[in-house]
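For clarity, every value in this text was computed on a predicted model and none was experimentally measured.
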Amino acid sequence: MKEWFKLFIKSIQVFLLFTGCTVLFYFGIMWVNEEYQNYHRYDEPQGSALKVSGPVEGESLPWLDRLFLFYLNGE
């Protein structure tokens, strides 16, 4: 009878430890989500930023050459 009681207490301890860690992890994920919820990554840049991507004037590559260039750059 005493061994069953010890097993029951150990099981409750493991359950409480698992539940506590799960709740801590959940609230940690919710905190990170809230931190980045208001992060506006598509806003206009401040200062003297330049747009570096766009069509190149005077140069028209066939689609196959553009594909090879894409794979060559690794983007």
Side-chain angles (χ1 to χ4, degrees):
M1 177 81 170
K2 205 173 203 182
E3 291 178 18
W4 283 99
F5 185 69
K6 285 182 181 179
L7 181 65
F8 180 72
I9 294 297
K10 290 288 184 185
S11 299
I12 294 294
Q13 286 176 345
V14 169
F15 175 74
L16 289 176
L17 180 66
F18 175 75
T19 304
C21 289
T22 302
V23 168
L24 186 66
F25 180 74
Y26 173 76
F27 283 112
I29 292 295
M30 293 302 290
W31 177 73
V32 169
N33 184 35
E34 244 180 73
E35 276 294 314
Y36 288 104
Q37 189 79 23
N38 298 327
Y39 182 68
H40 304 288
R41 56 184 169 182
Y42 299 114
D43 288 348
E44 288 288 327
Q46 303 295 323
S48 60
L50 298 174
K51 185 174 183 176
V52 294
S53 65
V56 179
E57 295 182 23
E59 182 180 333
S60 63
L61 294 174
W63 70 270
L64 189 58
D65 290 339
R66 289 180 59 89
L67 181 66
F68 286 142
L69 185 61
F70 178 79
Y71 287 134
L72 180 66
N73 288 336
E75 296 180 1

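Summarising the local packing, CD of Q13 is surrounded by more than 12 heavy atoms from other residues, nucleotides or ligands at distances under 6.0 Å.
Among T19, L24, L17, V23, the single residue meeting the side-chain contact (heavy atoms from CB on, under 4.5 Å) criterion with C21 is L17.
When hydrophobic clusters are built by joining Ile, Leu, Val, Met, Phe, Trp and Tyr residues whose side-chain heavy atoms come closer than 4.5 Å, directly or via intermediates, F68 is grouped together with W63.
Rounding to the nearest 0.5 Å places CG of L64 at 11.5 Å from CG of L69. Rounding to the nearest 0.5 Å gives a distance of 9.0 Å between NZ of K10 and NZ of K6.
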